[in-house]
Amino acid sequence: MQTPALPDLAHTAAKPMHWLATAAAMAGVVALAGLLQPRTATATATAPEQRTTTQHGAPAPAPDPAAVEFPLECGGAGTTVAKKASGDLDGDGRPETVAVVHCAAGSGTPPGGIYVLTQGSGAAPRVVATLVDPADRKTVGDFAVRDGVVSATLLGYSSLDVPRCCPDQEEQASWRWKGQAFVRTSGDLARSV
């Protein structure tokens, strides 16, 4: 057997105090990570006097995307609701749900759509607006509903030569209800990633 040319390193003969210090450091990192979690997509409610309530005085529930058939052609693969958030987008006191939906592909990065859902009293939820059409071949990154504004990071491709796993363009977009429709505003258009 050959003896090493270097002296023994400290970690090769660890003492209980080393393990205790390592465990304490790891606990600190885990605790700090728990405090620095990103906020979930939420919406700010309207003023209490404008909120629609049920017969029992509870706030009206937001439409459930699981009860909606989305206008996607998935060839029998079904759809996946990847993200959702709710808020009163049109100021009527009743919450809408915004859903990011794509085909349930077994692999790859299928393009997604962003849909606004509403639900009348006693009626089934339904799609009332398409903010991003899957035909635009975009995937949705960050997504939020806050203060009546829907915002999203849209990822896309500069050409057909770019692999579908790796979008090379990024666009910030937001939508706000104005009168009778959602109006889109965009930040950085088609910025390379």
Please round to the nearest 0.5 Å and tell me the distance separating atom OG of S159 and atom CG of D168. 7.0 Å
Going hydrophobic residue to hydrophobic residue with side-chain gaps under 4.5 angstrom, can you get from F182 over to V100? yes
Taking all heavy atoms of P63 and all of P95, pick out the closest pair and write down the distance. CD-O, 3.4 Å
Is it the case that one hydrophobic cluster holds both V150 and V101, taking links as side-chain heavy atoms less than 4.5 Å apart, direct or via other members? no
With the side chain counted from C-beta on, respond yes when P125 and T97 share a heavy-atom pair under 4.5 Å apart, and no when they do not. no
D147 side-chain N/O to V149 backbone N/O, donor-acceptor pair under 3.5 Å: no
Do side-chain atoms of E96 reach the backbone of L89 as a donor and acceptor pair under 3.5 angstrom? yes
side-chain contact (heavy atoms from CB on, under 4.5 Å) between V98 and Y115, intermediate numbers included: CA-CA 6 Å; V98 183; Y115 302 98; over 6 Å; no
Which pairs would a plain distance check flag for residues 128-141, meaning a side-chain donor or acceptor within less than 3.5 Å of a matching protein atom at least two apart in sequence or in another chain?
unit_1 : atom_1 : unit_2 : atom_2 : d
D133   : OD1    : A135   : N      : 2.9

Counting distance only, does the side-chain N/O of D88 pair as donor-acceptor with the main-chain N or O of G93 below 3.5 Å? yes
Going from CG on L155 to SG on C166, what distance comes out if it is rounded to the nearest 0.5 angstrom? 11.5 Å
Euclidean distance, L154 CG relative to I114 CD1, rounded to 0.5 Å: 5.5 Å
Are the side chains of W175 and T185 in touch, meaning some heavy atoms are under 4.5 Å apart? no
Heavy atoms only: give me the nearest H102-G112 pair and the separation to one decimal. CB-CA, 3.9 Å
With distance as the sole test, does W177 use its side chain to make a donor-acceptor pair with the main-chain N or O of G179 at under 3.5 Å? yes
Classify the side-chain pair T153/Q172 by whether it contains a donor and acceptor separated by less than 3.5 Å. yes
Test question: given the 4.5 Å side-chain rule for I, L, V, M, F, W and Y, name all other residues clustered with V162, or answer none. Y157
Less than 3.5 Å apart, which donor and acceptor atoms pair up between the side chains of residues 69-81 and the rest of the protein, not counting sequence neighbours?
none

